Protein chains: 2
Amino acid sequence: MQQITIKALARELQLSVSTISKALRDSHEISEATKRRVLQLAARLDYKPNPYASSLRGRKSRNIGIVIPEVADSFFSLAINGIAAVAKEKGYHSIICLTHEDNKDEQAILKDFQSGRVDGVLMSVSGTTENGAHIRALMDHGVPVVLFDRVLPDVPAPKVVTDDAASAGNATRLLLKNGCRQVAFLGLSPRLSISADRLSGYESALREAGHRPLAKNVLCCDADAHRNLLAIKRLLRRKDRPDGIVAAVEKLAPLVYQACNELSLRIPQDVKVICFSNLEIAGMLQPSLSTVTQPAFEMGAKAAGLLIKLMAGKRVEMEVVVGSGIVGRGSTGGSGKLPNRTFPNDTGSN
Amino acid sequence: MQQITIKALARELQLSVSTISKALRDSHEISEATKRRVLQLAARLDYKPNPYASSLRGRKSRNIGIVIPEVADSFFSLAINGIAAVAKEKGYHSIICLTHEDNKDEQAILKDFQSGRVDGVLMSVSGTTENGAHIRALMDHGVPVVLFDRVLPDVPAPKVVTDDAASAGNATRLLLKNGCRQVAFLGLSPRLSISADRLSGYESALREAGHRPLAKNVLCCDADAHRNLLAIKRLLRRKDRPDGIVAAVEKLAPLVYQACNELSLRIPQDVKVICFSNLEIAGMLQPSLSTVTQPAFEMGAKAAGLLIKLMAGKRVEMEVVVGSGIVGRGSTGGSGKLPNRTFPNDTGSN
DNA sequence: TCTTTCTACGAAACCGGTTTCGTAAATAAA
DNA sequence: TTTATTTACGAAACCGGTTTCGTAGAAAGA
């Protein structure tokens, strides 16, 4: 239990704690001979400096907070890897906090972060978050924040997003091209940028094709899978039911499949489906799922890079847009089995 | 940037820092009137105590470390939720660290944890870990550890596991029952308990049915998906190729599907497949995937509960076994479309 | 030789809480 | 009324590092 402290090293070597500290930090004030002795003993005793003591004195934690709705989502798990890779390289630890799509949890986490626990925060807001007051409050306390993917318009923080509107438009156009007459849109809270932007891309594509966007074809889902399933089934039981679905978040795809299954609707014959998703196994679903695939790892890495600059006091671009790609597979019908991949339309500014 | 410290509160209220601290911690030494004043001001200024200062003085961090191979795995993401739920309730923060199945990363993380960063560790070891020396080293430094799912025999820490051998045996028997003549087993490193135990369950089931377990039908995979895919294809290209596959970890399922697809082998007609997995969308794969499903959330919660007891200095049971269930679906052929679910054979000792 | 400049180290303050201990004033017991 | 006890608070030590500042002795310059 008794940790090996710097004091123990000092006693052992008959040196002062300040000398040990300086030696460990390779200060020029310490002779090479002494440094060697200190380093050797530290290695032998497997000494690890207490991070809390360092944080306290240095007034920085070398921790970054990652605040996301959940981890069981391939976009977020890939983004985490991107973030962690950059953070680790720069000597930062990542603290992952999950909101479970609950704004109350999100607020509590950001409140906690006012304590100085982290030097900066990367976040993707929850589906129940109405505005960015809690994020601004954190920023007012001097904690830099970078938003990625799910951003909010009223937060003056740098943002890393994909070309949501364009991608949703492309997805919608693919469905229309493949014969859909009535395309529905499944999103989350319209307060979320990804919902709003993807919705507007969907609407533009409809208008462009001479269709009128209809409110009844737009469904706002939430974190309750069961309720979402019921809503989707209600949508698909309508007499004038949609024959195409653009789903804006990954977790909705299985629900659409399940709903179709339970209602004996065939994909893609009766309903064509495309979903924003990074699922590796999209191609092995029944039928294989067409997706809008985001560069999740790169977005995480980019966001982490921005945050690190920000924490160093540098100025950074306020919006980075990276392109997503569409992978057409079985669920959108069309040209057959081969995936017709469109390349990311890279409108990025990095 | 300037955090609100306890000193600021003291100055504002013309009290000493010790009085503020005691008031905030509801000490009996402080009058109700003073407590009220302090609490009010703290609330008004949105004061949050610096966790590092508290940790330093109290010599405990109220953090628990979660060390797992990856997060893009439904077992682990569910387990995290179970852990976090319990931890949060007990006032602990969770620090998630990913090893990416790399023993070097795992060692580095545990080394870091010797610093006092966490009060206890929950872990599921990486696929490249050969032994538990690094875990024992951490424990020798007084940090309690609880292993879950992927455990090692040579670590004297409490373990939370499923009935791996029994479940793998059941999975194998299901394949045999459905007509397989030659069942292969895909695992990770045989050093891992889950690989070894599941393998032995598979072998027992084979012997029980009068088959001889063959080394050529056992494949040890690793973290390299491409290499794994090649190995699986090699297995399935053999003249006497297996007609059944038991896959011991979730990430192998898509690879088996892909290999069959590329080799034009039909599931379940040519090859029947069952996999240890918690994937929600297993039922929507092409064909739907039969699974051995573990109670991931409960395992995480149970492990966290044990760790918390351990950190409180209590003694706990050294091994908790919880049952897994088999969900038979399309990939194992057999009785048709309806999933034939076996209930978890609960041999748990909790 | 005497002064100046390094070199190499130690003492002590500091980060922001927590806790022990001491104490003045108020209250209770003798 | 005197003594004992309780109440309510402040001073200071402490956690384990980091950093500033001071200085003895050696080396270099005058």
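We name chains A, B, ... by the order of the sequence lines, and we start the count at 1 in each one. All figures in this text were calculated on a predicted structure; none of them were measured in a lab.
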Taking only the side-chain nitrogens and oxygens of A:R25, find out if one of them lies under 4.0 Å from OP1 or OP2 of D:dG17. no
Partner set under side-chain hydrogen bond (donor to acceptor under 3.5 Å, both in side chains) for A:S115, not counting sequence neighbours: none
With salt bridge (charged side-chain N to carboxylate O under 4.0 Å, His left out) as the rule and sequence neighbours excluded, what pairs involving residues 81-99 of chain B come up? A:D105-B:K88
Would you give the length of the straight line joining atom CD1 of A:I96 to atom CD1 of A:I80, rounded to the nearest 0.5 angstrom? 4.0 Å
side-chain hydrogen bond (donor to acceptor under 3.5 Å, both in side chains) partners of A:D154, counting only residues at least two apart: A:R136
Pairs under 3.5 Å (N/O, protein and nucleotides 22-25 of chain C):
none

Per-helix bend value, the helix from C:dT1-D:dA30 to C:dA30-D:dT1, C1' rotation axes over five pairs per end, 10° rounding, shows 50°
Keeping the roles fixed (side chain from A:S55, backbone from A:P51), state whether a donor-acceptor pair exists under 3.5 Å. yes
Give, for atom CD1 of B:I83 and atom CG of B:L122, the distance between the pair rounded to the nearest 0.5 Å. 5.0 Å
With sequence neighbours excluded, tell me which residues meet salt bridge (Lys or Arg N to Asp or Glu O under 4.0 Å) with A:R191. A:E130
How many whole angstroms separate atom NZ of B:K60 from atom C1' of C:dT19? 12 Å
With sequence neighbours left out, the residues meeting salt bridge (Lys or Arg N to Asp or Glu O under 4.0 Å) with B:E298 are none
What's the closest nucleotide to the side chain of A:I6 if the choices are D:dG17, C:dG17, D:dG16? D:dG17
Closest nucleotide of DNA chain D for B:E32 versus for B:G58: which of these residues is on the 5' side? B:E32
OP1 or OP2 of C:dC9 less than 4.0 angstrom from a side-chain nitrogen or oxygen of A:T34, does that happen here? yes
Would you kindly give the CG-to-P distance between B:L13 and D:dG10, to the nearest whole Å? 10 Å
Between A:R62 (CZ) and D:dT18 (P), how many Å, whole number? 12 Å
OP1 or OP2 of C:dC9 under 4.0 Å from side-chain N/O of A:T19: no
Whole-Å distance between C:dA8 P and A:R36 CZ? 12 Å
Provide, to the nearest angstrom, the distance between the CD atom belonging to B:Q14 and the C1' atom belonging to D:dC9. 14 Å
Describe the nucleic acid contact of A:S18 in one word from base, sugar-phosphate, nothing, applying a heavy-atom distance below 4.0 Å. base
Of all residues at least two apart in sequence or in a different chain, which pass the ring-ring contact (aromatic ring centres under 6.0 Å, His included) check with B:Y52? A:Y52
Could you state the CZ-P distance from B:R11 to C:dG16, rounded to the nearest angstrom? 11 Å
What's A:I20 touching, base or sugar-phosphate or nothing? Going by heavy atoms closer than 4.0 Å. nothing
Could you tell me how far apart A:L56 (CG) and D:dT19 (P) are, to the nearest whole angstrom? 13 Å
Indicate, yes or no, whether a donor-acceptor pair under 3.5 Å links the base of D:dC14 to the side chain of B:R57. yes
Residues passing the side chain to side chain contact (heavy atoms under 4.5 Å, CB included) test with A:D46, sequence neighbours excluded, are A:K48, B:K111, B:Q114, B:H141
Residue set satisfying side-chain hydrogen bond (donor to acceptor under 3.5 Å, both in side chains) with B:H100, at least two apart, ordered chain then number -> none
Let me know the distance between CZ of B:R59 and P of C:dT19, rounded to the nearest Å. 13 Å
With a 4.0 Å heavy-atom cut-off, tell me which residues in residues 42-55 of chain A come close to DNA chain D, sorted by residue number. A:Y47, A:P49, A:N50, A:A53, A:S54
Is the phosphate of D:dT18, meaning OP1 or OP2, less than 4.0 Å from a side-chain N or O of A:S21? yes
Please enumerate all residues that pass salt bridge (Lys or Arg N to Asp or Glu O under 4.0 Å) together with B:E29, with sequence neighbours excluded. B:K22
